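In what follows, every chain begins at residue 1, and chains take the letters A, B, ... in the order their sequences are listed. Keep in mind the model is a prediction, meaning the values are calculated, not measured.
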Amino acid sequence: MNITLPDGSVRQYPAGTTSLEVALSISEGLARNVLAAEVNGEVWDAARPISQDSSLKLLTWNDDKGKNTFWHSTAHLLAEALEALYQNVKFGIGPAIENGFYYDVDFGGQSFSTDELEKVEAKMLELAQQKNPYVRKEVSKKEAVEYFTQKNDPYKLELLEGLQDGTITFYQQGNFVDLCRGSHIPHTGFIKALKLLNVAGAYWRGDEKRQQLTRIYGISFPKAQELKDYLTLLEEAKKRDHRKLGKEMELFAFSEKVGMGLPLWLPKGAMLRERLQTFLQKAQTKAGYQQVVTPHIGSKQLYVTSGHYEKYGKDSFQPIRTPDENEEFLLKPMNCPHHCEIYKTKPHSYKELPIRLAEFGTVYRYEQSGELHGLTRVRGFTQDDAHIFCRPDQVKDEFKKVIDLVLYVFKALGFENFTAQVSLRDMDNKAKYIGNEDLWEKAEREIQEAADEKGLKTVVEYGEAAFYGPKLDFMVKDALGRRWQLGTIQVDYQLPQRFELEYTGADNQKHRPVMIHRAPFGSMERFIAVLLEHCAGNFPLWLSPEQIAVLPISEKYHEYAQELFNELQMQDIRGFIDERDEKIGRKIRDAEMRKIPFMLVVGEKEQAENAVSIRKKGEGDLGSMAVSDFVNYFKELVNKELLNQMEAYYEPALAK
RNA sequence: GCCGUUGUAGCUCAGUGGUAGAGCACUUCCUUGGUAAGGAAGAGGUCGUAAGUUCAAUUCUUAUCAACGGCUCCA
């Protein structure tokens, strides 16, 4: 038979040759590293015989699919170790994930604590050294059901229910047999280094009404050094955690007394927010948005009308009431209904549309206590919200303009690794959504087309839509690889109906506008969290809450330092004077640690010459400069940063 | 909300069934120093909160609150 390799070369082998044998025929070194093989696009065990002409790609640790197979096999090893160590353990599923693997385990009521992980790791390594092969076996459904019935494993039996007879395979390594599609690495000996990272609860089949299993997360490597490197990487990532940096840099804080999930913005953090808001507001003004302001509470009726009350009201913050009349008000959970009412304050002509109402609106949502997470998931946050009211024929164009704006914001702030996600309905559960089928389809189509026409690479996720409409979401990863939604753009045909929004068309008839909800940052809180992790606290100069530190050599120069500082402040340069009774080396060290972009050292020489000695963070001494020169130099740097942003964004020629 | 872990000084953390300790930060004094930590002294905690066991609890038990890792959820 002919085997076609990835480089296009074709080799001849007798039928029944395995991938491993093919590898061996190429080189012994390669054969030693083969974890699995991709046969006609499907991942196979390296030891599985190939019976006909095929394309073949040998998978090693350098292939994502190779890693995947490796980790999946390690999950089986974990299960084997657990079965050897504990009585009555039952297994859910144990897949490979982006970094490592997990296995969901039912310990039959006994609790499993993190202290036990080491013991399990040791057992796994012991079993790995036995170099037990992973043996594939095709079984009939009947056999499979019998095996797991006898083993008394309800989870595997349930999984079997969903499988077709004739497609079922078992894998065995050592004494452990698992229902598994495969594929696997040749034997456990490949697994040289592993670490069980944490233990968590996970609902069986992701359903919170069902049994909660113990999920054990881990990672493994073919070399000990790689594990070490990975753990170092994890440590490094933890140093970027916005919760840690935010505390260190005095940007924000939480207080038990104020309440969980309610961030307190400290002066420096507030400064940062303000800069970001100004930045976006400028861009939005150019793009034809108008700022509005609405109150933090709204009558319950407002949300009954919008449909939010029905959808979220019961398990949310409960209404507050007026003392005498007992009127009900809700803490504002979103701004759109308010904006609808602004739209309704007067009749509109088709000539006025689109109308774009923007607001940095602070909203409050009840989030389950276990969900709160630093600034990325909070109960009170400020959206950089806006609602565009437009004619149906303007939807796509408006949508594309918003995409431009979002991309501009991301680019200006250096976010390159984002995913554009088209969030559509869960087609199996349409009851979750309001509105008629035609409008949904129309909205979903418009989003997809707008994204395509903008050349955005998108991934489609079903079940991620809002209850009133589909979304285009911009997802970004945090320091620890968790995915968060930042920007979002949503087409909405429902709210205009519910609020009976209208405009008068050219035909002098009443028509219904379409709404586009959008937020490039998503929320100030989450955006700053991700930005902070992204730049590891080293903000661009224009954003830096403290741009300069004036460092007098000694007390004698405090007066000059103060003069200098006043002058810089007049020029909108932010910072502080370090008047502590410390040596200059110490002041420099502390300023470096505080990530201050510029340190201005002043002593006798500088005072005499009306100059400053400049030290740039991370770069060291830049020599001295006249004060006026420094101001120019500094402003040029800031302008350059801002100019780069502008180049990145060609605002739609005056909005309409 | 659910499962697991944690909770000691402003921060990072050690420690003990007999009412607590380090480093950094802070205060005072000495020092007036030229590009990544000058020296000395001092102050600071009812050991998350509430009950229980005990002669005695920060330490053991239970409850509760919060944080952390996940799951579920996310307008």
Selection from [options] that lies nearest to any side-chain heavy atom of [X]:
| X | options | answer |
| --- | --- | --- |
| A:R482 | B:G70, B:C71, B:G33 | B:G70 |
| A:Q368 | B:G1, B:U32, B:G69 | B:G1 |
| A:I553 | B:G70, B:A75, B:G33 | B:G33 |
| A:D581 | B:A75, B:G33, B:C71 | B:G33 |
| A:D621 | B:G38, B:C2, B:U35 | B:U35 |
| A:E555 | B:U32, B:G69, B:A36 | B:U32 |
| A:R377 | B:C74, B:C11, B:U35 | B:C74 |
| A:S113 | B:U5, B:G69, B:A36 | B:U5 |

Going by an N to O cut-off under 4.0 Å, is there a salt bridge joining [X] and [Y]?
| X | Y | answer |
| --- | --- | --- |
| A:E359 | A:K332 | yes |
| A:R205 | A:D207 | no |
| A:R210 | A:E158 | yes |
| A:E437 | A:R425 | yes |

What's [X] touching, base or sugar-phosphate or nothing? Going by heavy atoms closer than 4.0 Å.
| X | value |
| --- | --- |
| A:G585 | sugar-phosphate |
| A:A202 | sugar-phosphate |
| A:Q485 | nothing |
| A:R615 | base |
| A:E256 | sugar-phosphate |
| A:S613 | base |
| A:E606 | base |
| A:N198 | sugar-phosphate |
| A:G206 | sugar-phosphate |
| A:I584 | sugar-phosphate |
| A:M334 | base |
| A:K605 | base |
| A:H373 | sugar-phosphate |
| A:E582 | base |

Using both distances under 3.5 Å as the test, list the Watson-Crick or G-U wobble partner of [N], or none.
| N | value |
| --- | --- |
| B:C47 | none |
| B:U59 | none |
| B:A41 | B:U27 |
| B:U54 | none |
| B:C2 | B:G70 |
| B:G21 | B:C13 |

Original post:
Does the ring centre of A:F630 sit less than 6.0 Å away from the ring centre of A:F598?
Top reply: yes

Can you tell me the distance, in whole Å, between the [atom1] atom of [X] and the [atom2] atom of [N]?
| X | N | atom1 | atom2 | answer |
| --- | --- | --- | --- | --- |
| A:F112 | B:U5 | CZ | C1' | 13 Å |
| A:L551 | B:A36 | CG | C1' | 12 Å |
| A:I93 | B:C71 | CD1 | P | 12 Å |
| A:K556 | B:G33 | NZ | C1' | 9 Å |
| A:R580 | B:U31 | CZ | P | 20 Å |
| A:K209 | B:C3 | NZ | P | 16 Å |

Original post:
Is there side-chain contact between A:P333 and A:Y303, with at least one heavy-atom pair below 4.5 Å?
Top reply: yes

Original post:
Within 45° of the ring axis of A:F317 and under 6.0 Å from its six-membered ring centre, is that where the NZ or CZ of A:R379 lies?
Top reply: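 Judged by the rule (NZ or CZ under 6.0 Å from the ring centre, within 45° of its axis), A:R379 is not positioned above A:F317.
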
Subject >> Mutual orientation of the aromatic rings belonging to A:H339 and A:H387 [parallel < 30°, tilted 30-60°, perpendicular > 60°] >> reply: perpendicular

Original post:
Can you check side chain to side chain donor-acceptor pair (under 3.5 Å) on A:Y468 and A:Q490, steps first, answer last?
Top reply: CA-CA 9 Å; A:Y468 51 75; A:Q490 314 172 1; 2.4 Å; yes

Original post:
Below 3.5 Å, does any donor atom in the side chain of A:Y557 face an acceptor in the base of B:G33, or the other way round?
Top reply: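 No, the side chain and the base share no sub-3.5 Å donor-acceptor pair.
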
Subject >> Nearest-Å distance once atom C1' is located in both B:G18 and B:C13 >> reply: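 Their C1' atoms lie roughly 25 Å apart.
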
Original post:
With rounding to whole Å, what would you report as the distance between B:U8 and B:A67 at their P atoms?
Top reply: 14 Å

Using OP1 and OP2 only, check whether a side-chain N or O of [X] sits under 4.0 Å from [N].
| X | N | answer |
| --- | --- | --- |
| A:R243 | B:C68 | yes |
| A:K247 | B:U12 | yes |
| A:S369 | B:G1 | yes |

Original post:
Using centres under 5.5 Å plus planes under 30 degrees as the test, is A:Y312 stacked with B:A75?
Top reply: yes

